[in-house]
Amino acid sequence: MDLGIAGRKAIVCASSRGLGYACAKALAEAGCEVVINGRNPEQLAAAAAELRKATGAKIIPVTADVASPDGQKALFDACSKPDILVNNNAGPPPRDFRDLDRQKMIDGVIANMIVAVELIQKAIDPMIAKKFGRIVNITSGSVKMPLAGLDLSSGARAGLTAFLAGVARSVAAANVTINFVLPGVFATDRLRSYIETTAKKKGLSADAALAERVATVPAKRVGQPDEFGATCAFLCSAQAGYITGQNILIDGGAFPGAF
Ligand SMILES: NC(=O)c1ccc[n+]([C@@H]2O[C@H](COP(=O)([O-])OP(=O)(O)OC[C@H]3O[C@@H](n4cnc5c(N)ncnc54)[C@H](OP(=O)(O)O)[C@@H]3O)[C@@H](O)[C@H]2O)c1
């Protein structure tokens, strides 16, 4: 399917690995010019080389902490008027909510709510002016189905979802869409570290902890990042202009609701 976005410029935050990388790859395959980002320069350079080889697209790596004002400036210096913005950032480590002091809670809200809003503030007016914009926020299935120990992540991301629900309606007439993609269990480094923490807490091997987690998923498997990237790219397509303010779960059926 031709997504109708060849030549569009995209910024994909936190994209040297994992789900962000998969979104960058799918957009590059669709013919976009893509700014990719991460803090580790070697990992980022390797990701850029892989993407160029796999897709032939123009890939601009920006080594930066997306949560810092300087990092955000670096991203927009590389692409001042993106047509597509994919918001992503690391989530806070799993912790009992009793162990969260005020600073940790503030840091979590900054990482998983405020940073995305700041980036949208920078991107949105040029999108409105050119009557095309696609914003996808990577949040988490835990926004709809909480996971013990990820309370801060779930709360901050639910805050982002509610914040942007109104913003999405305010820009829809300009063909600017804002959607959310909610991953369940995906095979990335983040999943490995979550599984290792859970395994230690339960006195299980990592394999046993993963099997226990996968058993809760009706599809009985983990998701593959490419499946996630393809959904993100579709939400960024020309054809998806009538989809906005939506929370798209990609979780192998884990969320048990009918709606
Ligand atoms: N995988 C899952 O099953 C799952 C499920 C639910 C929710 N999620 C959420 O989805 C998001 C992506 O997860 P993932 O599994 O793809 O994670 P991942 O495999 O750990 O990859 C994270 C990526 O983000 C970059 N990054 C992290 N912090 C950054 C920062 N401050 N500035 C710039 N880049 C940064 C990392 O590169 P550097 O380390 O070099 O910066 C890396 O490229 C996270 O918010 C995660 O909590 C994932």
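For ligands, and for the atoms within them, numbers begin at 1 and follow the listed sequence.
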Starting from [atom], what is the nearest protein heavy atom, named by residue and atom, and what distance separates them?
atom: atom 24 (O) of ligand 1; answer: A14 CB, 3.2 Å
atom: atom 27 (C) of ligand 1; answer: R39 NH2, 3.4 Å
atom: atom 3 (O) of ligand 1; answer: F186 N, 2.8 Å
atom: atom 12 (C) of ligand 1; answer: N88 OD1, 3.4 Å
atom: atom 5 (C) of ligand 1; answer: G184 O, 2.9 Å
atom: atom 15 (O) of ligand 1; answer: T188 OG1, 2.4 Å
atom: atom 8 (N) of ligand 1; answer: P183 CG, 3.8 Å
atom: atom 37 (O) of ligand 1; answer: S16 OG, 3.2 Å

Atoms of ligand 1, numbered as shown, that sit under 4.0 Å from any heavy atom of [X]:
X: I138; answer: 10 (O)
X: T139; answer: 7 (C), 9 (C)
X: L19; answer: 10 (O), 16 (O), 48 (C)
X: G18; answer: 16 (O), 19 (O)
X: R157; answer: 9 (C), 44 (C), 45 (O), 46 (C), 47 (O)
X: N40; answer: 40 (O)
X: A64; answer: 32 (N), 33 (C)
X: A90; answer: 27 (C), 28 (N), 45 (O)

* Consider every N or O of S140 and every N or O of ligand 1, then say whether any pair is closer than 3.5 Å. =>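 No, there is no polar N/O contact under 3.5 Å.
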* **Any N/O pair V185/ligand 1 closer than 3.5 Å** =>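 V185 vs ligand 1: no N/O contact under 3.5 Å.
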Can a donor-acceptor pair be found, under 3.5 Å and without considering hydrogens, that links the side chain of [X] to the backbone of [Y]?
X: N179; Y: V136; result: no
X: T244; Y: I178; result: yes
X: S205; Y: A208; result: yes
X: N88; Y: I138; result: no
X: K130; Y: K81; result: yes

* **Ring-face cation contact, F132 with R134, 6.0 Å cut, 45° max** =>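 Yes, a cation-pi geometry holds between R134 and F132.
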* **N89 contact mode with ligand 1 (heavy-atom cut-off under 4.0 Å)** =>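 The part of N89 near ligand 1 is both the backbone and the side chain.
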Cut-off 3.5 Å, no hydrogens considered: what does the side-chain donor-acceptor table look like for residues 29-38, sequence neighbours left out?
{"from": "N37", "atom 1": "OD1", "to": "A14", "atom 2": "N", "distance (Å)": "2.8"}
{"from": "N37", "atom 1": "ND2", "to": "V62", "atom 2": "O", "distance (Å)": "3.1"}
{"from": "N37", "atom 1": "ND2", "to": "A64", "atom 2": "O", "distance (Å)": "2.9"}

* Heavy-atom distance to atom 39 (O) of ligand 1: which of R17, Q43, E42 wins? ->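 Considering heavy atoms of R17, Q43, E42, the nearest to atom 39 (O) of ligand 1 sits in R17.
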* Check the side chains of R157 and S154 for a donor-acceptor pair under 3.5 angstrom, ignoring hydrogens and angles. =>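 Side-chain D/A pair, S154 to R157: absent.
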* Asked: Just by distance, with hydrogens left out, do T188 and R192 show a side-chain donor and acceptor under 3.5 Å apart?
  ->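 Side-chain D/A pair, T188 to R192: absent.
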* **Within 6.0 angstrom of K58 NZ, more than 12 heavy atoms from elsewhere** =>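 Counting neighbours around NZ of K58, 12 or fewer heavy atoms of other residues, nucleotides or ligands fall under 6.0 Å, so no.
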* Within a reach of under 6.0 Å around NZ of K220, are more than 12 heavy atoms found that belong to other residues, nucleotides or ligands? ->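 Enclosed.
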